[in-house]
Structure formats: structure tokens, C-alpha cells
There are 2 protein chains.
Amino acid sequence: MKHPKISESTIRRLSRYYRYLEQIEEKEVRVISSSQLAAKCLVNSNQLRKDLNFFGEFGTRGLGYHVKDLLTDIRRVLGLDREWRMAVIGIGDLGFSLLAYNDFLKQNYKIVAAFDVDPLRVIGRVSEKLGKPVEVLHNNRIQEVARERKIEIGLITTPPSEAQNAADILVEAKVKGILNFTPTQITVPEGYVLRNIFFTTVLDNLAYLLSNSLNK
Amino acid sequence: MKHPKISESTIRRLSRYYRYLEQIEEKEVRVISSSQLAAKCLVNSNQLRKDLNFFGEFGTRGLGYHVKDLLTDIRRVLGLDREWRMAVIGIGDLGFSLLAYNDFLKQNYKIVAAFDVDPLRVIGRVSEKLGKPVEVLHNNRIQEVARERKIEIGLITTPPSEAQNAADILVEAKVKGILNFTPTQITVPEGYVLRNIFFTTVLDNLAYLLSNSLNK
DNA sequence: GGATGTGAAGTCGTTCACAGCT
DNA sequence: AGCTGTGAACGACTTCACATCC
């Protein structure tokens, strides 16, 4: 609503706390202290308390945090108290595996549409593999379908050369959140949010660490 | 070799500079200034020069950087002046799409082995789809094969509940670099390097930004 | 002249340490 | 007594600004 400049890292950590809390809630843990939770998430407990206090006072002094309440609070902060509807653009191998990736479902993210420049090429395979035949539509229907199905996040899994184009179409369709899986730098206008998942950047990081820090 | 505490972000940016330089090298651009390159990579030019100067003086005052030379230099810094041999553990949809993901090939990363707890279940599909039939081996051969094929990086794409186990096996096989694609926090001993690619963490970030910063 | 390389300044994020509740 | 909440100290990363060199 009105939280100023919260750092990216804080949000990432909230996400981690949240996933861990989900796990222990199932085991019926009622209360947890910042140091216990921090240890499990491999962060400093001061940090954890600070992260939470950007958004409110969720704990009880002398006691800790009620797991259920904290879950509700973080859920609200992160915007996970509702469902997010997503579309995948580009149904190659990666796009397909995202369609099949049902871990999203548990996490408030739902893929409600799939697009490709050549739906016929991929449609057989998709229907055969996935229980419910997800229809793969032609890219030229993104505008229309995005509105109809209230899509808010687009996952780009086209070939790299098509990524910017896919982003442009999503922007035109007013899809405000874009997650780019292709190894290309793309841009979106003000008011839109872009995040990238670059496999090779992470691998480069590993390569660097393996060649340098380790054999000291 | 002997570079002290270089920040993670510096390495990520080097990776970005590198990928962009590769592109313009093909277009036969000879020289580029820090401000031109920085603009393309969406960073501050002071930052770029600082990033590079952690590792040496690669530019020419009054001129800029020779693209070819800079590529060679960054390549050496990141450890991309050689091939990195990788294995995929867990051949579900995601693991399969990594096998098929040939962007790795262009980037010095090569998948040379694939493992699963049930190779027979997946082997037909893999051979049929990929040109060269990549053999999928049983997990119990990881030790042996990792040594034979000099595997240095393991990609974990098992079900989440198996991720830690997969990591343990890789560690036992002395595979020093581990890239975890499952949405689970895992740990590795000192001397090993772990990086995670958590789809949902990035989505949570989008969800947060979409619900908060935008509609101000 | 023009762009790099770099100390110094500034900003941002993390950790400390303790006051304040329960 | 115990654990949270938080100002203050610290450290790390980024940006500035200019001396330096081609």
C-alpha cells in the first residue's frame, strides 16, 4: 500500500520466511522465535526482525511470533492473499515444462493461458502430456485473451530473438508483470515490472567461484 | 586466483557486460567506451569501470575498451576460458528441458550426463526428442560417472523432497558446484558452492511489486 | 580532448546492543 | 527472564569527481 523503498533482498527473505513457515504450520508448530526462524532460513535474527518491522509489529515480546498470524501477515505484505493469473508466451521445451510445473499451483500462481507463434506445432504434445488439455493459442490473440482472463503476469519463454517482441505485446495488452526466462536483456516502459531468470548468469557465478575462491 | 572479496553483484554485472560484448563483437564493433557499454547494460559507467578495475586495467584512456581484448579478459576472470561439464539429476519436465536447452552450448557449459531414479521411465522420451540420444543413467551411477566424465557442476531438477539427497550424492562424488532448481532450501558443506534458481521467489517479488509500488 | 582509473563521499543494507514489553 | 522492536554503529556497495594518461 504505502511502504517506501523496501530493498529487494528484504522481499526475497520474506519469501523465504514464508515458505518455511508454511512447512512448519503443517507440523502444527504454533510459535517461533526470530532466532529459530532465522537459523532455519540462514539469516541473522536481527535482520529477520528488521525485515518484518518494515511492515508492522507482528511479534510478542518475550514470546516470539505466532506462526499462523505471521503467515497471514507476510501473505498480505507480499500480495499472496490472492491468486495471480499468468500466461506463458512461447511453448518450447522450457515453456512446456512451466505449464507442467505444478509447484506454482500451491503458491497462488496459476497459468491460465499459453501462446505460441505456431500453436499447431505444439498443441498435440501439450494436450497429450497434461491432464487437462491446455489450449495453446496464437500470439495474435494475447491482447484479447489477456483482458478476458485477467492476466497480470507474462512468462516469456520464446527464443531469445523474440523476447523483446513478446514483451512489447504483453505491454500492449497491459500485462504489468513480466518474467523473462530468455538469456536476453529486454526493456519495458515505466509502470511495468520486469524480472529475469538468467540460467547462464547463475552458471557464470558458479564458474567464477569454482575457478577462483575455492582453490586458494 | 587471488582476488579478494569481489561482490556477487560485480560478478553478475561482468556476466552481463560479457554477453553484450559477444553480441557486438559479431557486428565487428572494435572499441567501446564505458559509458556506451554501461548504457546498454543499464548500469552506471563509474560502476562498470570499477567492476573491471577489480581485475586489472583493461582500457585505454581517451579511447575506451577494445571489444575483443575485453572479452578475453572477462572470459578469463569469470572462468569462461574453458568448458564446464555438467550433469542433470532428475529428468522430469524441467530436467528434460534443460537437456534440450542448447543455449548452454554456446556459453561454455555442456551437459554430459543425465541421471534419474528411474531411467527407464524417461529414456524413451529423451532419445526420441533430442538428436543425439542422451543416455539417462540411474542415480546410483553418479559417483562413478562423475569421476569418469569430470563433472564439476550438478543441476538438481528432482522433486523438492529429493533435492537434499541429490545434493548429498553430488557432494559425495566431489561435484563442487551445485545449481538447485527445486523450491527447497538445501545445504552443502564448506568447499562446495550452491546457487539456487527459485521461480517462486522471483514471482513473489513480482507479486509484491505489482500489489504495492505500482498503484500509488 | 576525451575516456579511463580511483580516492573520497555518499548511500544503502546489515549487525549490534539494549530499551521496552509481556 | 525472555524475546521483540529499533536507534546507533558498522560495513559494503555505489556514485561522484577529478587526476591521469593516451
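Proteins come first, then strands; the chains are lettered A, B, ... in the order of their sequence lines, and each starts at number 1.
- Listed for the B/Arg195 side chain is no donor-acceptor partner under 3.5 Å among the backbone atoms of A/Val202.
- Not a single donor-acceptor pair under 3.5 Å links the side chain of B/Glu162 to the backbone N or O of B/Pro159.
- Contact of A/Arg61 with D/dG5 (side chain to base): no donor-acceptor pair of N or O atoms is detected under 3.5 Å.
- Taking atom CG of residue A/Asp73 and atom P of nucleotide D/dT4, one finds them 15 Å apart after rounding to whole Å.
- No side-chain donor-acceptor contact under 3.5 Å links A/Tyr65 and A/Asp73.
- More than 12 heavy atoms of other shown residues, nucleotides or ligands fall within 6.0 angstrom of atom CZ in B/Arg82.
- Among the nucleotides D/dC22, D/dT14, D/dG5, the one closest to the side chain of B/Gln47 is D/dT14.
- Checking side-chain atoms of B/Thr182 against main-chain N and O of B/Thr157 turns up no donor-acceptor pair under 3.5 Å.
- Just one residue in the list B/Thr184, B/Thr201, B/Asp204 forms a side chain to side chain donor-acceptor pair (under 3.5 Å) with A/Arg19, and that residue is B/Asp204.
- Using a 4.0 Å cut-off, no side-chain N or O of A/Arg13 falls inside it from OP1 or OP2 of C/dG13.
- Within residues 33-46 of chain A, the residues having any heavy atom closer than 4.0 Å to DNA chain D are, in order of number, A/Ser33, A/Ser34.
- Each of C/dT14, C/dT6, D/dG5 was ranked by its minimum atom distance to the side chain of A/Glu57; first place goes to D/dG5.
- The phosphate of D/dC22 has neither OP1 nor OP2 within less than 4.0 Å of any side-chain N or O from B/Tyr65.
- Both B/Phe58 and A/Arg49 sit near DNA chain C, but only B/Phe58 has its closest nucleotide nearer the 5' end.
- Checking B/Lys50 against A/Leu52, the closest nucleotide of DNA chain D that is more toward the 5' end is the one next to A/Leu52.
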